[in-house]
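The structure presented is a predicted model; accordingly, all values stated were derived computationally and were not measured. For reference, positions follow the sequence shown, starting with 1. Each ligand, and each atom within it, is numbered from 1 in the order the structure gives.
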Amino acid sequence: MNIRVRYAPSPTGKQHIGGVRTALFNYFFARAQQGTFILRIEDTDQERFQEDALQDIYDTFSWLGISWDEGPDKGGSFGPYFQSQRKELYQKYVMELIEKEAAYYCYCTQERLEDLRAEQQKAKKSATGYDRHCRDLTEAQRQEYDEKGISKVVRLKIPLDGETHFYDELLGDITRKNIDINPDPVILKSDGFPTYHLANVVDDHCMEITHILRAQEWIPSVPLHVIMYKAFGWTPPKFCHLPMVMGNDGHKLSKRHGSTSLVDFRKNGYLPGALINYISLLGWSYDDTREFFSVDEFEKLFTLKKLNKAPAVFDYKKLEWFNGQYIRKKTPEELTSLILPYLIKDNVIHDPQTDKEKEILKGIIPLIQERLRLLTDVSDLVRFLFIDVGIPDSRMLIPKRLDKEKTLIVLQSYKEVLSTFIASTDEENETKFREKALELDVKLGDFLAPLRIALTGTNVSPPLFESIRLLGVESTLRRVDQAISLLEKE
Ligand code: GLU
Ligand code: ZN
């Protein structure tokens, strides 16, 4: 069997973690099975359509390096791949359902439906929804409505008794009493556009989709889709509803937990490989221990058997850690080109760089590679090497256990050690600093803190000695002098 799977986003917003996870699993499944991965744009809801959402789909997946075999931009023999361009097809199939008496025209006005809803709410009826008013209209009644030019929709007939079941590859048998299914959902709207249910079923059939991998929130729709497949006389694809993705509070992941849009992660300095790796572990695991997978490996190893039933928890901290691990794996050249746009954007370096900047740039990779978690952090870590950032507050210079006078003595004492700094090894320099600290009766940490602040304006910075080497002794001393005069004025 030629496996055919699809990712079927509605272009109503930005691509988010959940959607991307669905796309990745479909993609990996197709690759692992030598199948075909299709992108289908479910844009039948004209009111919710957002032009930039479509661009966001293209941008997100091209940034991630994931592509489809068939799709709106790729073509393929099952197109068009925009549902909005398949209207005639749905109308044809809806006629088939009407002829088979599996669907019917409903002429109810918006007003009547609203009254009905209000009434049901008042009566607190448990079975709310459409009251099947038009289900048994006679031919003559329908003609009368048509003659009056009353607009109509098409509704699917849900059987009044019995039950509908389907098999889910992950969750097993699922059965639903027909009486519990949303009574007679609209499948074709008055504007001639299909609703999700009709378009989804028709397209999955016509595009010869063999497996539906999608989020669990679609499970309630499956029984009515199955009813439709039966009415058409079609065999449904295999269903596999992916485990939920939760925030760390046990609620479904949403904006309340933090950003969920891929474009935000991209802007915030995440690497595509890290995101793909982490997102693909949401509800899937190879074994109990292995965490790192390249795209190639997922393409080989992915199987539905390794999906987990339990909901997955999206842990922002863990993703950040993953990102750090991916940064560590970059070559110096790769990492340089990754951080460059951030340094330029944050006005840390010029575009193009000056010779001096180029030189410093070469030296910073070993300083940041082990410390960076997000590419966006780079500017704060290295700004001081390119720019004299100054000291925001002179009192910052004074370590807790020292006073102003003692701090000034400490600052003055650097000059001596720094005069031989470049020619000495790190060990020698460390010894010299230690000895000086001992001589002044100050703990080494307290002794070095004012130097760090004088150089960087903050108390977090890359390793101090490497920083001094990159900055040069002359600049270092100049900043120490500035710190001294600042503190003297205090
Ligand atoms: N258009 C639906 C969505 O936005 C597709 C659901 C499905 O895969 O059937 O998720
Ligand atoms: Zn009606």
Side-chain angles (χ1 to χ4, degrees), residues 4-27 29 37-46 48-50 53-54 56-57 72 81-84 86 103-117 129-138 141-142 144-146 150-158 166 168 183-190 193-205 207 209-226 228-229 236-242 244-245:
R4 290 176 57 83
V5 292
R6 81 315 191 262
Y7 177 49
S10 301
T12 53
K14 298 272 187 278
Q15 289 295 296
H16 55 84
I17 299 290
V20 169
R21 202 252 328 237
T22 298
L24 288 172
F25 283 6
N26 275 284
Y27 171 80
F29 183 61
F37 174 51
I38 296 146
L39 175 71
R40 180 174 77 220
I41 305 295
E42 302 211 325
D43 58 346
T44 56
D45 193 340
Q46 298 290 298
R48 293 178 59 219
F49 179 79
Q50 281 180 17
L54 183 63
D56 181 67
I57 294 171
Y81 295 89
F82 283 109
Q83 287 189 329
S84 57
R86 298 167 68 82
Y104 61 91
Y105 288 114
C106 162
Y107 296 88
C108 291
T109 58
Q110 218 40 48
E111 214 185 338
R112 176 171 189 276
L113 295 174
E114 268 155 35
D115 288 348
L116 179 67
R117 206 170 304 139
Y130 181 57
D131 62 356
R132 302 187 160 109
H133 179 265
C134 304
R135 184 160 162 139
D136 298 311
L137 293 183
T138 62
Q141 283 171 311
R142 273 197 289 268
E144 205 184 310
Y145 282 124
D146 280 337
I150 295 177
S151 75
K152 57 188 175 190
V153 301
V154 178
R155 291 183 183 273
L156 180 71
K157 257 190 202 173
I158 301 293
F166 63 96
D168 185 281
D184 299 3
V186 174
I187 55 174
L188 194 77
K189 293 178 278 188
S190 55
F193 273 98
T195 59
Y196 159 71
H197 303 302
L198 176 72
N200 195 263
V201 165
V202 167
D203 284 351
D204 283 342
H205 175 75
M207 295 182 175
I209 300 301
T210 57
H211 293 72
I212 295 177
L213 275 57
R214 67 181 162 206
Q216 279 184 16
E217 63 188 276
W218 298 102
I219 288 180
S221 302
V222 184
L224 63 100
H225 292 185
V226 170
M228 237 187 292
Y229 279 108
K238 291 199 154 86
F239 296 105
C240 181
H241 289 88
L242 305 171
M244 301 269 283
V245 182

Can you sort out which atoms of ligand 1 are near Glu42, meaning under 4.0 Å from one of its heavy atoms?
1 (N), 2 (C), 5 (C)

Below 4.0 angstrom from a heavy atom of Asn200, which ligand 1 atoms are there? Numbered from 1 as shown, please.
7 (C), 9 (O)

Parallel, tilted or perpendicular: which one describes the rings of Tyr107 and Tyr105, with boundaries at 30° and 60°?
tilted

Taking the Zn ion (ligand 2) as the centre, how many protein N/O/S atoms fall inside a distance shorter than 2.8 Å?
4

Would you check if the side chain of Thr210 reaches a backbone N or O of Arg4 as a donor-acceptor pair within less than 3.5 Å?
yes

Please confirm whether the backbone N or O of Pro11 pairs with a side-chain atom of Asp43, one donor and one acceptor, at under 3.5 Å?
no

With a 4.0 Å cut-off on N to O distance, would you call Lys14 and Asp56 a salt bridge?
no

How far apart are the C-alpha atoms of Leu39 and Ile57, what are their side-chain angles, what is the distance that settles it, and do they pass the side chain to side chain contact (heavy atoms under 4.5 Å, CB included) test?
CA-CA 10 Å; Leu39 175 71; Ile57 294 171; 4.2 Å; yes

Checking Tyr196 against Asp45 for the side chain to side chain donor-acceptor pair (under 3.5 Å) test, could you report, in this order, the C-alpha distance in whole Å, the side-chain angles of both residues, the deciding distance, and whether it holds?
CA-CA 8 Å; Tyr196 159 71; Asp45 193 340; over 6 Å; no

Any nitrogen or oxygen of Ala8 lying under 3.5 Å from a nitrogen or oxygen in ligand 1? Just yes or no.
yes

Is Tyr7 close enough to touch ligand 1? Criterion: a residue heavy atom under 4.0 Å from a ligand atom.
no

Taking atom CD of Glu144 as the centre, report whether more than 12 heavy atoms of other residues, nucleotides or ligands fall under 6.0 Å from it.
no

